[in-house]
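The next block holds one structure in the form of structure tokens; read it before the comments.
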Amino acid sequence: MSILGTRVQRVEDPRLLTVGGTYVDDLREPALQGALHVLFVRSPLANATITEVDVEEAKAAPGVHGVFTADDVDLPPYPSGGSLSGPTPPGMDRPHLAKGVVRYVGEPVVAVVAETLGQAQDAAEMVSIDYDPLDAVIDLDEALSDEKLVFPEAGTNVIGTAGELDDSLFADCEVVVTKQILNQRVAAASLEGRSAACAWEGEKVTFWLSNQNAQSCRDELMTNLGMPQEKLRVITPDVGGGFGAKIGSEQEAALLSLVSKQVGKPVKWVETRSENLVAMTHGRAQRHVVTIGGRRDGTVQAYRLEIVQDVGAYPRMGAFLPVFTQMMASGVYDIPKVESRAQTVVTNTTPIGAYRGAGRPEATAAIERAIDLFAAEIGADPADVRRANLVKPEQFPYQTPGGMLYDSGEYIKGLDSVLDAADYASLREEQAKRRADGATKQLGIGLASYVEITAPNNTEGETGHVEIRPDGSALVLTGSSAHGQGHWTSFAMLVSEQLGIDLDKIEVVHGDTDLIPKGVGTMGSRSLQLGGTAVHRAAVDVKDKARKLAAEMIESDEADIELTDGRWQVRGAPNVTVSWAELAQKAEEGLAADVHFVEDRPTFPFGSHLAVVEVDVETGKVDYLRHITVDDAGVIVNPILTEGQRHGGIAQGAAQALLEEVSYDSDGNPQNASFADYAIITAAELPSFELLTMETPTTLNPLGAKGIGEAGTIGATPAVQNAVVDALSHLGVRHIDMPTTPERVWQSINQA
């Protein structure tokens, strides 16, 4: 029986649940003995000129080994993230420490280095910085108007535009609906914030970073520090979550190399939660105008998506997020005419980066709200409108108007599976009864069907190495980088499937650029289909080498040799066998294989979600009752890991719909600098998720696997938002922006 597809318990968990993880703040490496603590003094203003920085008192404080300002930094700034339509205007690169001006609350201005964290905190209080406040650009319309500028020398806040609009797009439509909707700014809020440690040994520097891709971090640091690859090592220990916000390195981490060299000691930086909420990149932050048109029989003929992306104070990954949103604009629907236009603008807020899904959830949220708005306008059931317009199985591979080539899908089957499991007809009957009775708690049923692109950076591929050790155990090296997903388990399963070696004899190593110099890392739901395939193929190559060597040792024809229960033998003659340990000891050049796997094009997992909520029409309070989903990610290697990803994704997506939002006042002051103000969802607000299984394989990799890490987040958000709106649609409510807080819901009821 194959181990693949079975419910294998995570092999990572015994260590994590007993000894615990080893995160950057837990490191006790010899090279980090006596490490000093780095603390950043950050801007309290969103936009201001720095008129004076006085650090003399801080330098003289007990335990202080150094205080650094921008004048002490001779490193080039981090380059901007570019734009939709070419290079960004000059001068928008990120400084390591602010020089002359600060552009968001939380921007680092001074670095204090001390023997203890307490001493660093005391010294930071002694740093005196004088600011001359400037008008902050916070509102998107204000940013678009260019009346006030984040970078005056650039002459504009608009750093990129992509897409053209056709005035005749909806000329043949009987019904056209337009709505502005908000996909609000959210915080990644990973359990472990950003952290880094740095030590010099001679001319070589080693970084320990909490990140999602050690090799990419190394390459960024090499460029910024002007160092060759062999002089720089990046190690990723256990990582307490990333969600996209830990892709790549940070200017604070790069600065540690200079600080460490100057003070002559290793250094460590671990940010606080409040620091994390204002300084780590945020996500989403798009405003959409959706326009959808079609016939009164429910046929959608045209769709337009207009996007304004807030990129924050410096263009980073946020500058490119609309690319993914535009790519996936039409979602799962066969719409003849689709167009999109995107603008990206800088504001005096925390920069925007990737956040679980990175542009694809935004596309789904837009089209799924548009479908519901269209259904409401023509008086049709939203399930019927979806079914009538979904791409059909026989249309695959399906070319979208946005240029994407969907590999495989069963969209109608997925939707119908969810409707059947939820007993959709009974839910609608219960809803009608409550409406007729004028019940205080009204029932809402929300649907969302989605498709997403996974491994969008497929052409970079991923690396895998499998090696048999002299004791018969296996070592796996991978360029993928786990931060909670269970890579050790899934990759070990792939090796065990091919080589018959027990899971407890397979070690999986990642996140060390000296051991694995080439790799891409974990983002975009790419790990299994690229990293897993590389490991799978390396295991197959080792198996082929082993068969030849076993045939020589047994003195038999290679075609007659088989692997049974982890030992090599002549087929049908189990009396003479050779073990993996014997083969490894016999192999003169070792028994190993390296594979760099590149997929021909991305894969497109899909699914449907149905959420059920109750809304108290007197208070606006929403109770989240049920969530039923199909999340089809092709062939499943381990259902436990898949379900874990779905659980986390659904919770995160529902949280955006119901609770989460990073907000600023008109002066750019963050309103959510702690978990007392930023509403993370908990188990108390969540129902037990009802997960249906469905597997539609892809032909783009030998595993038949697609990505699953972001699926739940993409489907859950619009399903829950649609459910809240649906509960109140009989009162005339057509839309409620996220998060659908009691106050916002109550206001919508009263306005309707």
Check whether [X] reaches the backbone of [Y] with its side chain - one donor and one acceptor, N or O, closer than 3.5 Å.
{"X": "D616", "Y": "K441", "result": "no"}
{"X": "E452", "Y": "R360", "result": "no"}
{"X": "R304", "Y": "L165", "result": "no"}
{"X": "Q309", "Y": "A342", "result": "no"}
{"X": "Q184", "Y": "E660", "result": "yes"}
{"X": "R646", "Y": "A711", "result": "no"}
{"X": "Q442", "Y": "A727", "result": "no"}
{"X": "Q301", "Y": "F170", "result": "no"}
{"X": "N458", "Y": "E599", "result": "yes"}
{"X": "N672", "Y": "S663", "result": "yes"}

Does D600 have more than 12 heavy atoms from other residues, nucleotides or ligands lying within 6.0 Å of its CG?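 No, the 6.0 Å shell around CG holds no more than 12 heavy atoms from other groups.
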Step through the shown structure and confirm whether more than 12 heavy atoms of other residues, nucleotides or ligands are within 6.0 Å of CD on Q395. yes
Parallel, tilted or perpendicular: which describes the rings of Y624 and F689, with under 30° parallel and over 60° perpendicular? tilted
Determine the minimum heavy-atom distance between [X] and [Y], stating which atoms define it.
{"X": "A421", "Y": "L692", "result": "CB-CD1, 3.7 Å"}
{"X": "L700", "Y": "R601", "result": "CD1-O, 3.5 Å"}
{"X": "A657", "Y": "T717", "result": "CB-O, 3.5 Å"}

Result of checking V385, N389, D384 against R387 for side-chain contact (heavy atoms from CB on, under 4.5 Å): D384
Report yes if some heavy atom in the side chain of [X] is under 4.5 Å from a heavy atom in the side chain of [Y]; otherwise report no.
{"X": "I453", "Y": "M404", "value": "yes"}
{"X": "M738", "Y": "Q656", "value": "yes"}
{"X": "Y303", "Y": "K337", "value": "no"}
{"X": "M280", "Y": "S190", "value": "yes"}
{"X": "R369", "Y": "Q721", "value": "yes"}

Would you say the side-chain atoms of T347 and D310 include a donor-acceptor pair closer than 3.5 Å? yes
Short side-chain donor-acceptor distance under 3.5 Å, E685 and T682: yes
Name the residue from R434, R626, K621 that meets the salt bridge (charged side-chain N to carboxylate O under 4.0 Å, His left out) definition with E614.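 Answer to the salt bridge (charged side-chain N to carboxylate O under 4.0 Å, His left out) test with E614 among R434, R626, K621: R434.
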From the list F396, Y450, Y398, ring-ring contact (aromatic ring centres under 6.0 Å, His included) partner of Y411 resolves to F396
